[in-house]
Amino acid sequence: MTAHSSATRPKRSPLSTSSNGLWWGLLGVLAFSFTVPLTRVVVADGALPPLFVGAGRAVVAAALAALALICTRQPRPRGRQWLRLAVVAAGVVAGFPLLTSYALTAVPANHSAVVIALLPAATAVLAARRGNEHPPRRFWLLAGLGAVLAVGFAALSGGGALVGLRAADLLLLGAVLAAAIGYAEGGLLARELGSWQTISWALVISTPVTLALTLVSIARQPPAASLGQWAVFGYLSAVSMFLGFFAWYRGLALGPMSRVSQVQLVQPVFSIAWAALLLGEPLTWSVVLGGLAVIGCAALAVRARIAPR
């Protein structure tokens with residue numbers, strides 16, 4: 001590239017070295033923590049089919065995203081950014097919502113938190129690889145310990161939910177992998193396109209697929225939900241599928257992504273608390289103490305210094 005060239009390199013390094021990324025990430029995690037228990041609310045009794053919940057909420061979110069992109073006259077992505085947006089869409093627009101929706105028809109919300117507790121570690125591994133970050137050994141030890149504590153905490157709250165691997169657990173493992181890929185790639189794209197622009201374009205390009213799946217679901221089983229369940233579906237569409245990513249991708253873009261990803265350790269703590277409040281699932285003092293241990297480990301992990309390679 002010459003001195004007079006107008007071409008510029010995409011911004012791939014963290015946007016900030018302050019703690020702002022952690023706070024944005026925590027805000028995103030708080031928004032996402034309602035997703036599992038609320039999804040359980042709308043799929044448990046068959047009011048809304050899992051295919052409709054997983055794909056339909058993406059269609060609603062895509063309509064909001066298209067409106068935001070048009071009103072603000074955002075420039076279109078270019079070149080390989082379209083392919084990378086397709087990766088984000090496959091992970092967080094299609095993969096995670098659909099797989100968790102089907103899994104939650106068979107398992108309670110606190111059981112799903114057992115497997116989803118692996119998401120911070122999976123995101124950290126992929127973020128370090130894709131983001132050219134080099135976390136110190138102390139970080140990996142703490143991240144691993146945090147994953148073990150988070151899984152143990154969620155299993156404790158679910159009455160030993162780790163015993164026996166079910167088909168639903170395989171769906172949840174697939175959801176974890178899909179989300180981790182979408183988070184890592186989306187965090188990098190957010191440094192080039194912007195946080196809300198990244199999820200907006202991912203939603204828009206996935207509309208042909210998600211709309212087709214939604215129509216198929218309606219043809220097979222027309223939705224018959226109560227007003228409250230439709231309100232829950234509205235949250236899953238507007239917040240879990242759209243607004244929550246504003247904060248989450250902003251946090252990952254500020255980075256380092258490996259470090260910010262560890263705030264996800266508190267997500268199963270939040271989710272199980274909401275499951276107890278909203279669904280009446282059990283919550284004991286041992287679960288509370290386990291949750292505090294998970295939060296403490298997350299705090300130590302995010303304090304580890306991470307340098308670019």
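Hydrogens, waters and symmetry mates are skipped; everything else that's a heavy atom, side chains included, is used. Treat the numbers as computed from the prediction; the structure is a model and nothing was measured.
- Across Thr100 and Ala175, no two heavy atoms sit closer than the pair CG2-CB, 3.7 Å.
- For residues 73-96, the pairs satisfying ring pair (Phe, Tyr, Trp, His ring centres under 6.0 Å) are Trp82-Trp201, with sequence neighbours left out.
- Under a hydrophobic clustering in which Ile, Leu, Val, Met, Phe, Trp and Tyr are joined whenever their side-chain heavy atoms come within less than 4.5 Å, directly or via other members, Leu211 and Leu67 fall into different clusters.
- Closest heavy-atom contact between Tyr249 and Tyr183: CE2-O, 3.8 Å.
- By the side chain to side chain contact (heavy atoms under 4.5 Å, CB included) test, Ala122 pairs with Val176, Ala180, sequence neighbours left out.
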Distance-only check: which donor-acceptor pairs under 3.5 Å involve side-chain atoms of residues 54-64, not counting sequence neighbours?
none

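- The side chain to side chain contact (heavy atoms under 4.5 Å, CB included) search around Leu189 returns Gln81, Arg84, Leu85, Val88, Glu192, Leu193, Thr198, not counting sequence neighbours.
- Contact check for Arg250 versus Trp23: no side-chain heavy atoms found under the 4.5 Å cut-off.
- Residues Pro223 and Leu48 approach most closely at CB-CD2, 3.3 Å, considering heavy atoms.
- Leu203 approaches Met241 most closely through the heavy-atom pair CD1-O, 3.7 Å.
- Considering only residues two or more places apart in sequence or on other chains, Phe233 meets the ring pair (Phe, Tyr, Trp, His ring centres under 6.0 Å) condition with Phe52, Trp230.
- Within 6.0 Å of atom CG in Leu227, 12 or fewer heavy atoms from other residues, nucleotides or ligands are found, so the atom counts as exposed in its surroundings.
- Qualifying side chain to side chain contact (heavy atoms under 4.5 Å, CB included) partners for Val209, counting only residues two or more places apart in sequence or in other chains: Leu213.
- Taking the six-membered ring wherever Trp is involved, the centroid distance between the rings of Phe245 and Phe32 falls below 6.0 Å.
- Applying the side-chain hydrogen bond (donor to acceptor under 3.5 Å, both in side chains) definition to pairs two or more places apart or across chains, those involving residues 60-76 are Thr72-Gln74, Gln74-Gln197.
- Not a single side-chain hydrogen bond (donor to acceptor under 3.5 Å, both in side chains) links Trp196 to another residue, sequence neighbours left out.
- Leu99 and Gly174 make their closest contact through CD1-C, 3.4 Å (heavy atoms, listed as atom of the first residue, atom of the second, distance).
- When the side-chain hydrogen bond (donor to acceptor under 3.5 Å, both in side chains) test is applied to Ser33, the partners found at least two apart in sequence or on another chain are Trp274.
- Judged as a side-chain hydrogen bond (donor to acceptor under 3.5 Å, both in side chains), the pairs with a partner in residues 231-244 (not counting sequence neighbours) are, in order, Thr35-Ser240.
- Cluster annotation: Leu215 and Val93 are assigned to distinct hydrophobic clusters (Ile/Leu/Val/Met/Phe/Trp/Tyr, side-chain heavy-atom contacts under 4.5 Å, transitive).
- Side-chain atoms of Arg191 come within 3.5 Å of backbone atoms of Ala253 as a donor-acceptor pair (strictly under, hydrogens ignored).
- For Val260 against Gly251, the heavy-atom pair with the smallest separation is CG2-O, 3.5 Å.
- For Ser101, there are no side-chain hydrogen bond (donor to acceptor under 3.5 Å, both in side chains) partners two or more places apart in sequence or in a different chain.
- Qualifying side chain to side chain contact (heavy atoms under 4.5 Å, CB included) partners for Ala94, counting only residues two or more places apart in sequence or in other chains: Leu98.
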